[in-house]
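Within every chain, numbering begins at 1; the chains are lettered A, B, ... in the order of the sequence lines, protein sequences first and strands thereafter.
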There are 2 protein chains.
Amino acid sequence: MHPLRRHIEEVVSLEDAEFDFILSHFTPINKRKHQYLMQEGEWINNEFWVIKGCLRAYVLDELGKEHIIQFAVEDWWITDYQAFEKGMKTQIYVDCLEDSELLYITKENREKLSAELQKMQQFWARKTKLGYIASQNRVLSLLKNTAKERYELMCAQYPNIIQRVSKKMIASYLGVSRETLSRLY
Amino acid sequence: MHPLRRHIEEVVSLEDAEFDFILSHFTPINKRKHQYLMQEGEWINNEFWVIKGCLRAYVLDELGKEHIIQFAVEDWWITDYQAFEKGMKTQIYVDCLEDSELLYITKENREKLSAELQKMQQFWARKTKLGYIASQNRVLSLLKNTAKERYELMCAQYPNIIQRVSKKMIASYLGVSRETLSRLY
DNA sequence: AATTTGAAGTGATGTAGGTCACAAGTGGAT
DNA sequence: ATCCACTTGTGACCTACATCACTTCAAATT
């Protein structure tokens, strides 16, 4: 079964014809390690789904420091939702931490597909709610946990990401310096 | 015009009959300052919309410290989305900072209304996306801004909330001690 | 009116985590 | 095979912010 179909069917069940119709709205794209899907200042119009690989979304602050918004590995979605939803220029960078195989859908195709297939609207609504909940939990973790606690929670929640990306990246996701993270144990 | 209708029509336009149908899924409720809409450990089944008043959602950590998840004033929605969506017991508290007039909708009525009225599904999808974006921005602010910068960003973004709630509450939303907040200027 | 409760400011001191600097090891690129 | 960029660890020192303690003042509560 196509991995995207398996992924969507975790939320809503699909007929063969429905999945073919869905898939026809996506385009495959391959990127190599260090290549960017988007860079600050660009107009972005696509949401990406990871078939294989590992990526990150991050911002640069005034001092040039990177702050990681999210990682994405197999079965994850990634884009700049603020730019994508509000039709703004992006303020973030998305690059590949490994060679990656992706599918992308344009904003227009996403809207068309939502309108034509109720199930996809349900699917995306569900994904957005879960993303919102996860983000609120991340805020709470930043408010109430120490650096060490946040690291341990991340190890428990995303063990596969911990194993695939450098400590420096993890530090920048957790909001701690790489030196401090290195000294936790 | 009913304030809820005005609020929904900021996203999707409605016929009179549609709004009457929507409103029939909500129940009004009034609460006084210091009263709780939910407390840790309860099963919660309602999402609240604020006609008038001011509320907050917060968690208590192991040390008994409060961390504010969100405020809600006129036109805002509030509940424990994690408990509401995943059918869990709530881990948070929601209480009134002022006497408040609310409308609430049960999970069942929300699902029924979404299924029966495409426009409401669109409306809630939009609200969830914007909530997700706002929460990601809050994470980024915690990662890249100092306490003072976060306070100033909050003053710019939510001036009405700054004026209505105590500095202690604001400190607990920003992730800073009330003493430090008091010393910023 | 008297009393309690909470808000807000501020001094003194403590600490988690940041920054800078350096070293050793590792994997790609040419 | 060599070089270079990157990763990780670690010592020395610094700082933003927390904590504790006390005070003043205003607003609820009785």
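Taking the C1' atoms of five terminal pairs at each end of the helix from C/dA1-D/dT30 to C/dT30-D/dA1, the two resulting helix axes are inclined by 50°, rounded to 10°.
Atom CZ of B/R164 is separated from atom P of D/dA27 by 18 Å (rounded to the nearest Å). When rounded to the nearest whole Å, the span between NZ of B/K144 and P of C/dG18 equals 17 Å. Summarising the geometry, the separation between CG on A/N145 and P on C/dA16 is reported as 15 Å, rounded to the nearest angstrom. Distance B/R178 CZ to C/dG9 P: 8 Å, rounded to the nearest Å. Between the CE atom of A/M169 and the C1' atom of D/dT8 there is a distance of 14 Å, rounded to whole Å. In this entry the distance linking CG of B/L143 with P of C/dG18 reads 11 Å, nearest Å. Per the geometry, CG belonging to B/L97 stands 13 Å off P belonging to D/dA28, to the nearest Å. Taking atom CZ on B/R183 and atom P on D/dA18, their separation rounds to 10 Å, with Å as the unit.
Applying the 4.0 Å criterion to OP1 and OP2 of C/dG9, one finds that B/S182 has a side-chain N or O inside that range. For B/S177 and D/dA18, the shortest distance from a side-chain N or O to OP1 or OP2 is below 4.0 Å. Under 4.0 angstrom from either OP1 or OP2 of C/dA7 there lies no side-chain N or O belonging to B/K167. Taking 4.0 angstrom as the limit, B/K168 places none of its side-chain polar atoms (N or O) nearer than this to OP1 or OP2 of C/dG9.
The side-chain heavy atoms of B/I92 and B/E40, taken from C-beta on, include no pair separated by under 4.5 Å.
At a cut-off of 3.5 angstrom, counting only N and O atoms as typed in the model, there is a donor on one side and an acceptor on the other between the side-chain of B/E179 and the base of D/dC20.
Side-chain contact of B/E47 with B/Y104: a donor-acceptor pair under 3.5 Å is absent, judged by distance alone. Defined by atom type and a distance below 3.5 Å, a donor-acceptor pair is missing between the side-chain atoms of A/Q39 and A/D95. One side chain, B/Q82 or A/N137, offers a donor N or O that lies under 3.5 Å from an acceptor on the other. For the residue pair A/Q121/B/Q118, the side-chain donor-acceptor check at 3.5 Å is satisfied.
Classification of B/R32 and B/E98 as a salt-bridged pair fails, no side-chain N sitting under 4.0 Å from a carboxylate O.
Where B/A147 and A/T180 each meet DNA chain D at their nearest nucleotide, the meeting point lying more 5' is that of A/T180.
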Note to self: Set out, in order, the CA-CA distance, both residues' side-chain angles and the distance that settles side-chain contact (heavy atoms from CB on, under 4.5 Å) for A/K168 and A/Y173, then state yes or no.
What the structure shows: CA-CA 9 Å; A/K168 184 184 154 197; A/Y173 178 84; over 6 Å; no

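Considering every non-hydrogen atom in both B/L140 and A/V59, the closest pair reads CD2-CG2, 3.7 Å. Scanning both residues, B/I51 and B/E74, for their nearest heavy atoms gives O-CG, 3.3 Å.
Relative ring orientation between B/W77 and B/W49 is described as tilted, the plane-to-plane angle lying within the 30° to 60° band.
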Distances for protein N/O vs nucleotides 28-30 of chain C N/O pairs under 3.5 angstrom?
none

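Comparing atom distances between the A/S166 side chain and each of D/dT7, D/dC17, C/dG17 picks out D/dT7 as nearest.
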